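All of these numbers come straight from a predicted model, not from anything done at the bench.
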Amino acid sequence: MSRKTEVEQMRERMAARRAGLSLARDTARGGFRVVQTGAVLLRAGASWLLGHRPPAPVLLRETVESLGTTYIKLGQFIASSPSLFPEAYVEEFQKCLDRTPALPFHYIRETIESELGKPLSALYSHVDPAPLASASIAQVHAARLHTGEDVVIKVQKPGVSTVLLTDFNFLYVAARVFEMLTPGLSRSAVSGVIEELQGSMLEECDFLKEAQNLERFNEFLLMTGNTRAVAPRPYRELSTKKVLTMERFHGVPLTDLEVLRRHVDDPAETLVAALNTWFSSLMLCDFFHADVHAGNLMLLHDGRIGFIDFGMVGRIRKNTWEAMSRFLDGISNGDHRAVAESMIQIGMTRDTVSVDALTRDLEQFQSRLENVDPASLLEGNRNEREVNRLLMDIVKIGEQHGIRFPREFALLLKQFLYFDRYIQALAPELDMFSDTRVDMFSGLEGFPPVDRLH
């Protein structure tokens with residue numbers, strides 16, 4: 001008995017030592033991050049004093065990219081939130097990209113082995129040292145299980161969580177500074193925006209939540225009898241908060257018409273399946289995929305649509321989506337009163353808004369609206385800047401009447417932009433608003449959301 005106690009005590013001491021080392025390492029990383037952030041800001045200030053004085057949005061975007069992970073995500077948040085930020089900042093931060101150099105494989109190996117508690121060779125029969133993708137938060141590698149299945153491993157880069165927590169302390173202080181230097185930002189409640197961003201980023205860093213999203217999306221597909229789409233199956237026994245092992249999909253991205261035609265007779269049918277799946281998820285799933293760019297939708301070799309990367313998801317209430325649908329339909333038909341009524345329902349205000357007055361202001365905007373149908377409104381492939389400007393003009397009209405739009409408004413429109421890019425490239429004859437194969441209102445009646453089934 002004493003022998004067992006000694007062994008247990010030794011293990012406890014080793015665990016405490018590892019925890020102490022981890023704390024020391026995190027503290028060191030936090031301190032280094034403070035120094036690194038200060039150095040970047042000093043360098044930006046010195047450059048400005050020496051004559052490099054671009055417009056404020058450009059200077060801020062350049063500084064953000066130099067600061068890395070957290071700030072790049074903040075820049076992307078600004079770019080996708082024309083309902084919250086001034087136009088010049090939204091347009092400039094469209095250039096903010098989240099691509100980083102790949103880490104050497106030994107860092108990836110160390111993280112996997114530390115998280116899963118076994119040597120890499122005991123966990124997988126093969127792991128490709130060359131990454132499939134590398135972003136600021138994680139790196140993705142192809143692998144194979146001992147049972148023969150092809151998988152991908154998403155591995156969080158070392159120190160990311162420490163960097164995030166350190167950076168957000170700076171951001172709260174910086175928010176006050178930005179409010180003083182750029183009055184236009186003060187109306188957007190920057191501290192609230194940062195709080196929302198922090199929550200979404202910390203959720204994105206929890207790969208167990210992403211594994212749950214994958215499972216829930218597949219449950220939603222099963223519940224609705226949808227056999228045209230699928231999400232990767234996660235391997236829970238090989239996943240932690242920092243490591244996500246999931247089924248690997250083999251197929252082609254929805255970007256190349258000639259490649260698609262080798263696999264399907266009618267690319268439009270493939271797009272319809274993807275659109276209907278996404279529309280129905282707005283109501284029948286407890287979240288929707290909030291990043292359906294070209295890398296996250298695939299045509300699989302078996303003909304199904306593969307939805308991948310569920311790190312970023314959105315949630316929307318039924319009445320918000322109904323109002324959003326009326327908003328788009330009103331623009332399509334030039335019905336300014338319908339647009340005004342839906343704007344009031346989508347937005348947040350403590351004031352009583354006059355529908356008649358808002359309609360009159362929209363009618364003054366008529367010359368631009370009359371030249372826009374849903375397809376051209378959402379035409380991200382050829383004229384995204386004009387689309388953003390149109391959206392921001394509508395937002396400004398709303399603000400003049402005391403309406404502030406939630407971020408879901410821009411987040412949903414962003415996904416429409418992505419889908420319209422697919423349509424322009426693959427099936428320009430398809431009109432998602434009038435084609436009877438497309439069901440935008442799928443789920444508004446009938447089935448309850450997936451989370452109500454448990």
Side-chain angles (χ1 to χ4, degrees), residues 18-19 21-30 32-33 36-37 67-77 97-120 122-124 127-143 145 151-169 171 197-215 231-248 289-291 295-296 308-313:
R18 284 196 298 270
L21 289 172
S22 177
L23 177 62
R25 187 163 53 243
D26 288 346
T27 302
R29 283 173 176 161
F32 175 75
R33 182 59 178 169
Q36 184 184 48
T37 301
L67 286 168
T69 306
T70 311
Y71 297 90
I72 288 174
K73 293 292 185 183
L74 176 61
Q76 292 175 334
F77 185 95
L97 301 176
D98 184 23
R99 290 197 295 264
T100 59
L103 281 179
F105 184 64
H106 71 86
Y107 289 109
I108 302 303
R109 175 192 289 272
E110 288 172 6
T111 299
I112 294 174
E113 293 181 341
S114 173
E115 286 292 306
L116 297 178
K118 293 181 181 179
L120 197 66
L123 299 164
Y124 309 93
V127 179
D128 190 345
L132 293 171
S134 178
S136 57
I137 287 177
Q139 196 159 296
V140 179
H141 290 258
L145 303 182
V151 297
V152 292
I153 315 170
K154 184 175 181 179
V155 185
Q156 192 172 123
K157 291 185 173 179
V160 164
S161 57
T162 302
V163 167
L164 290 178
L165 291 173
T166 304
D167 285 348
F168 275 113
N169 288 332
L171 282 170
L197 177 63
Q198 182 181 25
S200 65
M201 284 191 66
L202 291 177
E203 183 173 340
E204 194 174 343
C205 287
D206 186 346
F207 294 169
L208 289 178
K209 288 188 177 179
E210 183 172 353
Q212 183 181 51
N213 291 341
L214 292 168
E215 292 170 340
R233 177 171 64 92
Y235 290 81
R236 287 285 192 164
E237 69 279 10
L238 294 172
S239 299
T240 69
K241 282 191 173 185
K242 296 183 180 180
V243 175
L244 174 58
T245 303
M246 54 192 151
E247 177 183 7
R248 184 179 184 184
H289 195 302
D291 197 20
N296 288 341
I308 64 175
D309 193 352
F310 280 76
M312 184 184 296
V313 298

Is the backbone N or O of Cys205 less than 3.5 Å from a side-chain atom of Gln156, with the two atoms forming a donor-acceptor pair by type? yes

Take Leu238 and Val243 through the side-chain contact (heavy atoms from CB on, under 4.5 Å) test and state the conclusion after the steps. CA-CA 8 Å; Leu238 294 172; Val243 175; over 6 Å; no

Residue among Leu123, Asp128, Val127, Val140 satisfying side chain to side chain contact (heavy atoms under 4.5 Å, CB included) with Ile153: Val127

Measuring from His141:NE2 to Ile108:CD1, what's the distance to the nearest 0.5 Å? 4.5 Å

Got a second to check how far Asp291's CG is from Glu204's CD, nearest 0.5 Å? 8.5 Å

Could you check if a side-chain atom of Phe310 sits within less than 4.5 angstrom of a side-chain atom of Leu244, using non-hydrogen atoms only? no

Passes side chain to side chain donor-acceptor pair (under 3.5 Å), Tyr235 versus Arg233? Steps please. CA-CA 7 Å; Tyr235 290 81; Arg233 177 171 64 92; 2.9 Å; yes

Could you tell me whether the side chain of Glu113 and the main chain of Leu120 form a donor-acceptor pair under 3.5 Å? yes

Identify the heavy atoms of Pro129 and Phe105 that sit nearest to each other, and give their distance. CA-CD1, 3.7 Å

Are the side chain of Lys157 and the backbone N or O of Ala135 linked by a donor-acceptor pair below 3.5 Å? yes

Nearest 0.5 Å, please: how far is CG in Leu214 from CD in Glu210? 5.5 Å

Considering non-hydrogen atoms only, spot the tightest contact between Glu247 and Val152 and give its length. O-CG2, 4.2 Å

Partner residues of Asp309 under the salt bridge (charged side-chain N to carboxylate O under 4.0 Å, His left out) criterion, sequence neighbours left out: Lys154

Minimum heavy-atom separation for Thr111 and Pro158, please, with both atom names. OG1-CG, 4.1 Å

Counting only N and O atoms by type, is there a donor-acceptor contact under 3.5 Å from the side chain of Gln139 to the main-chain atoms of Pro131? no

State, yes or no, whether a side-chain contact exists between Leu103 and Ser134 at a heavy-atom distance under 4.5 Å. no

Distance check, rounded to the nearest 0.5 Å: Glu237 atom CD versus Leu145 atom CG? 8.0 Å

Does Arg236 form a side-chain contact (heavy atoms from CB on, under 4.5 Å) with Leu208? I'd like the steps, not just the answer. CA-CA 8 Å; Arg236 287 285 192 164; Leu208 289 178; 4.0 Å; yes

